[in-house]
Every structure is written in structure tokens, then in C-alpha cells.
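Order of appearance sets the numbers: ligands from 1, and atoms from 1 within every ligand.
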Amino acid sequence: MSEPLIYEKSAPGRTGATLPDCDVPQAELPADLLRKDLDLPEVSELQVVRHYTRLSQLNYGIDKGFYPLGSCTMKYNPRVNEDMARLPGLAQLHPLSDADSSQGALALMFHLQNWLAEISGFQGVSLVPAAGAQGELAGILMIRKYHVDRGDTKRTRILIPNSAHGTNPATVTMAGYDAVELPSDEHGDVDLEALRAACDDTVAGMMITFPNTLGLYESHILEVIKAVHDCGGLMYMDGANMNALLGVVKPGELGFDVMHYNLHKTFSTPHGGGGPGSGPVGAGEKLLPFLPGPVVQIVEPAAADDDAPLYGLVMPEKSIGRLKAFHGNFGMHVRAYTYIRINGDQGIKDITRHAVLNANYIRVKLRDTYKVPYDHFNGHEFVLEGHFPDVEGIHALDISKRLMDYGFHPPTNYFPLIVPEALMIEPTETEDKAMLDTFIEAMKKIAAEAHETPDLLRSAPHTAPVSRLDEVRAAKQLMLCCRPIPEWAAETQSSRKAEKGT
Ligand SMILES: *Cc1c(COP(=O)(O)O)cnc(C)c1O
């Protein structure tokens with residue numbers, strides 16, 4: 001970063017604000033209350049504006065370029081969502097307003113609940129959870145309460161395929177269950193024999209990411225659901241990958257009992273620094289009474305056809321309780337509501353069709369350049385291996401870092417764990433063919449570079465604001481400062497360079 005830091009621009013007496021003349025008697029502030037070490041830069045308003053604008057441009061986001069971060073569905077966030085979320089009647093509504101004065105907002109939540117239920121084939125939806133992982137926790141607590149409510153307390157285990165998202169075993173453990181890992185077969189599906197062997201009356205249920213983290217539709221999903229139901233367990237579907245199912249498959253109709261959605265993935269609300277998230281949970285008949293609350297219901301039907309009903313907030317009969325203050329992240333409900341309305345019936349189906357088409361297109365175009373371990377029809381994402389048998393010492397990470405030089409956000413690295421040097425690519429439906437082709441071309445160029453000039457990959461990125469970071473240290477010893485690097489830090493940096501011999 002050659003641009004001087006804001007402290008280096010400071011000049012004595014320079015100021016960014018002019019205060020009006022004081023029109024009240026001036027009073028001295030008590031000297032012992034004044035900080036003497038408050039060393040702020042003296043800069044003009046324009047310098048401050050440029051400083052922050054420049055910082056904002058160092059960041060990478062979906063508004064800046066292609067972001068194929070598998071499992072995260074980084075799709076474009078339509079601006080109309082933002083317009084709606086900023087309508088004063090919605091944006092300025094206080095969460096403690098009573099039902100009488102917030103009927104419009106409650107109606108919006110009611111319709112969103114119903115549409116999400118319709119899309120997924122479930123009986124009811126609660127909008128409360130604040131993220132996918134919290135939706136997962138809600139779902140597993142609902143399963144637990146269901147069993148306990150029936151007096152069935154011997155069920156202590158939840159089955160999880162090894163192609164599941166990492167949050168799944170974490171959720172199960174947090175909810176007090178033992179997570180039992182199931183192997184995948186050579187097609188990337190759940191190993192049915194291992195599943196049947198694991199099913200008994202100590203199984204509370206199964207948690208499955210569908211399509212799984214290889215981007216594959218489980219080909220025996222109905223048998224999997226039946227096996228778990230047959231031993232008295234319930235089925236949780238991690239619905240973060242609904243971008244591969246929207247308008248085409250209804251998980252509730254497949255037989256799932258409970259599922260969460262990620263509004264900040266599938267339903268285009270912002271995430272990755274632009275959040276907050278929202279992870280509504282949908283339930284079938286058995287789990288409906290256990291949904292977290294409050295949910296919106298009609299408390300008084302419309303008196304006449306052209307009248308509106310009266311909406312109210314209700315706790316489901318055997319609710320697991322509240323997970324969050326108030327009603328969930330309402331601003332995200334507004335955005336998701338807008339997104340569904342704008343797309344309509346046909347648009348919702350097209351989202352999935354194009355997301356799946358785009359991911360399959362990239363896979364087929366890259367299969368001769370990179371190893372694609374499960375090289376068959378995939379959903380909205382797929383996984384390839386970021387290494388070459390004939391080049392030593394090139395890893396998925398090197399390919400990712402080099403992609404940054406070509407102006408792309410890297411795919412997800414080293415996940416799922418069952419694929420060596422995994423790169424998980426999810427283009428989403430919001431990119432056009434020209435962008436996909438540019439990305440494919442970059443991936444092919446990088447493969448050629450790996451063979452001809454491998455050091456170019458190992459030392460990438462070359463164009464990013466900072467060079468390759470020690471990612472563990474960057475996360476654990478985060479140095480956030482707007483001053484020149486302090487001496488002690490500069491020392492550690494140069495000793496690291498010496499260690500590496502650079
Ligand atoms: C993103 C994701 C989650 C977790 O969602 P958060 O909103 O990040 O908590 C869970 N499962 C899968 C498959 C995901 O992709």
C-alpha cells in the first residue's frame with residue numbers, strides 16, 4: 001500500500017469541521033476528565049472521505065466481481081430489496097410496537113412464512129433464527145423436544161454423513177447429542193449399508209445436507225429417509241443449498257421433518273460482511289408445535305372479502321422457545337419477501353434451473369484440465385481437485401491465490417474434507433455466460449502456469465492490496481491499526497521473512 005496512512009497526512013491545525021460560534025457561556029471542562037493521550041490525526045474532510053473510500057475499494061464483494069465461493073451462494077443482491085427495506089414504515093418500525101400499529105409488517109412476515117412453507121412443502125415456518133447455524137440448532141432442539149415429549153429419552157445419537165456441512169456436527173454436539181459420522185460410497189452418496197447398520201432405537205434422527213457438500217443430489221434420498229423413519233428417528237435437512245431445489249423439489253414432500261433456509265444465500269439478502277443473516281426453519285406435521293416463536297398467525301379472520309384479517313404474534317403450543325430478541329432479523333424478511341414477489345412462480349423455478357446449468361457448464365468445461373472426482377450431474381455447485389499429478393508443490397491454495405490476480409474471489413478451499421485439495425465452485429444463476437467463460441479461461445491459464453511457471457502461483461497474489469498472508473496468524477493476531485506498523489510488529493514481520501529466506 002503506497003498511499004500514505006491517514007496519520008501520515010496529519011498536519012497541525014488542519015481540521016475537517018468548522019463549528020458555529022458558541023451562543024452559550026463557555027465553561028471549562030474539568031482538567032482531570034480530559035484525556036491527554038488522545039492523539040487524533042488533524043486532517044481535512046476531503047482527506048477523510050478519500051481515506052474511507054479508498055479503504056472500501058480494497059475490499060472484495062459481489063458488487064465488485066465474480067464470487068464463486070461454494071456452499072455460500074454469493075448471488076447478486078438486487079437493489080430493489082434495499083429500496084423496500086428502507087421504506088420508512090418498515091425501516092423505522094420499533095420492534096416493541098404493538099400488533100395494532102404494525103399490521104403491515106406482520107402481514108409481510110405472514111406471507112413470507114407461507115411462501116417459504118409452500119416452496120419447501122412444509123406445514124409451518126418460523127422466521128426467528130438469525131442464521132443458518134441457528135436454524136440448525138432450532139431444528140435439532142425441536143427433534144429433541146419431540147422425543148422427550150413422547151417420553152422417549154433413550155435416543156442420544158444423530159447420524160451425519162461425512163459429506164455434510166461442518167456446522168451440522170457442531171450443531172448436534174451443541175444440542176447435547178452424539179454425532180455419528182456415516183461414510184459416503186464411491187458416487188458421493190450416503191453409504192446405505194452403513195446407514196442401515198447404524199439405525200436403531202438410540203437414533204434421534206439424521207441431519208443431511210441436500211444436495212450435499214459435493215454438490216450432488218443424494219440418489220437414494222427416499223431410501224435414506226425411510227431407513228431413519230423406520231427406526232423412529234426424524235430427518236433434518238440442511239437447506240442452505242436450496243438454490244439447487246427451488247421450485248423443483250419440495251423437501252417436505254420427500255419426507256423431511258424439519259429444515260432451515262438461508263435467506264442470506266438462496267433468497268438474495270446480503271452476507272459476508274453485509275449481513276445480518278436469517279435462517280428460518282420449516283417443520284412438517286410432527287414438529288409444527290415445537291417451532292421457535294413467536295410466529296405470525298391470523299388471530300381474527302377478515303370480516304368481509306375486501307377486508308384484511310388481524311395478524312398477531314403467537315408462541316407455538318410446545319415451542320422450544322425464543323432464540324433471539326423480538327421477531328428475527330426483520331430487515332432480511334423484507335428483502336426475501338421482495339425477492340420472492342419479484343421473481344414470482346416462474347422466476348423461482350428459473351433461479352434453480354440457471355444455477356444448476358451454470359455449475360454443470362463450468363464442471364464440463366474444466367473436467368479435462370482439473371480432476372473432478374465426482375464427475376456427474378451436479379446441483380448448484382461442484383468440487384474439483386486443485387493439484388496436478390505432474391507438478392509437485394502446487395496446492396489448491398496456490399490456485400486460489402492466483403485467481404485473485406485475475407480479478408476473481410477464490411472458491412471455497414479444502415472443503416469438503418473428503419476431496420484432496422478441494423476447490424468448491426458455485427457460480428450462482430446471477431452470472432452470465434460471458435462471465436463464466438472468463439472464469440473458465442482464467443482457470444485454464446492458471447493450470448498452464450502451474451506447469452510452466454509454478455512460482456507465479458506459489459507467490460500469488462501479486463495484485464491484491466496485501467500479499468499472501470499467514471492465514472492462521474492473520475486471524476489469531478489480527479493487527480487492526482491505521483498507523484504506521486509499530487516497531488515490534490515490523491520486527492516480527494522481518495524475522496518471518498528471514499525465516500522464509502525471502
Ligand atoms: C452456510 C451454510 C450453513 C450455515 O449457515 P450460516 O448462516 O453461515 O450459519 C449450514 N449449512 C450449509 C450447507 C451452508 O452452506
For the ring pair Tyr374 and Phe382, is the centre-to-centre distance below 6.0 Å?
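No, too far apart.
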Would you say the ring centers of Phe256 and Tyr236 fall short of 6.0 Å from each other?
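When the ring centroids of Phe256 and Tyr236 are compared, they turn out to be at least 6.0 Å apart.
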Is any side-chain heavy atom of Met142 closer than 4.5 Å to a side-chain heavy atom of Tyr146?
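With C-beta onward as the side chain, the pair stays apart.
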Considering only heavy atoms from C-beta outward, does the side chain of Leu263 approach that of His333 to under 4.5 Å?
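Yes, at least one pair of side-chain atoms sits under 4.5 Å.
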Specify whether Phe377 and Tyr217 have parallel, tilted or perpendicular ring planes, treating 30° as the upper limit for parallel and 60° as the lower limit for perpendicular.
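Geometry flag for Tyr217 against Phe377: parallel rings.
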Side-chain polar contacts of residues 157-167 - donor-acceptor pairs under 3.5 angstrom, sequence neighbours left out - could you list them?
from   : atom 1 : to     : atom 2 : distance (Å)
Arg157 : NE     : Thr202 : OG1    : 3.0
Arg157 : NH2    : Ala198 : O      : 2.8
Arg157 : NH2    : Asp200 : OD1    : 3.4
Arg157 : NH2    : Asp200 : OD2    : 3.4
Arg157 : NH2    : Thr202 : OG1    : 3.4
Asn162 : OD1    : Ser184 : N      : 3.4
Asn162 : OD1    : Ser184 : OG     : 2.5
His165 : ND1    : Thr167 : N      : 3.3
His165 : ND1    : Thr167 : OG1    : 2.7
Thr167 : OG1    : Glu136 : OE1    : 3.4
Thr167 : OG1    : Glu136 : OE2    : 2.7

Does ligand 1 have any N/O pairs with the protein under 3.5 Å, and how far apart?
from     : atom 1 : to     : atom 2 : distance (Å)
ligand 1 : 5 (O)  : Asn262 : ND2    : 3.0
ligand 1 : 7 (O)  : Gly132 : N      : 2.7
ligand 1 : 7 (O)  : Asn262 : ND2    : 3.1
ligand 1 : 7 (O)  : His264 : NE2    : 2.6
ligand 1 : 9 (O)  : Gly132 : N      : 3.3
ligand 1 : 9 (O)  : Ala133 : N      : 2.8
ligand 1 : 11 (N) : His165 : ND1    : 3.3
ligand 1 : 11 (N) : Asp238 : OD1    : 3.2
ligand 1 : 11 (N) : Asp238 : OD2    : 2.5
ligand 1 : 15 (O) : Ser71  : O      : 2.6
ligand 1 : 15 (O) : Ser71  : OG     : 2.8
ligand 1 : 15 (O) : Lys265 : NZ     : 2.7

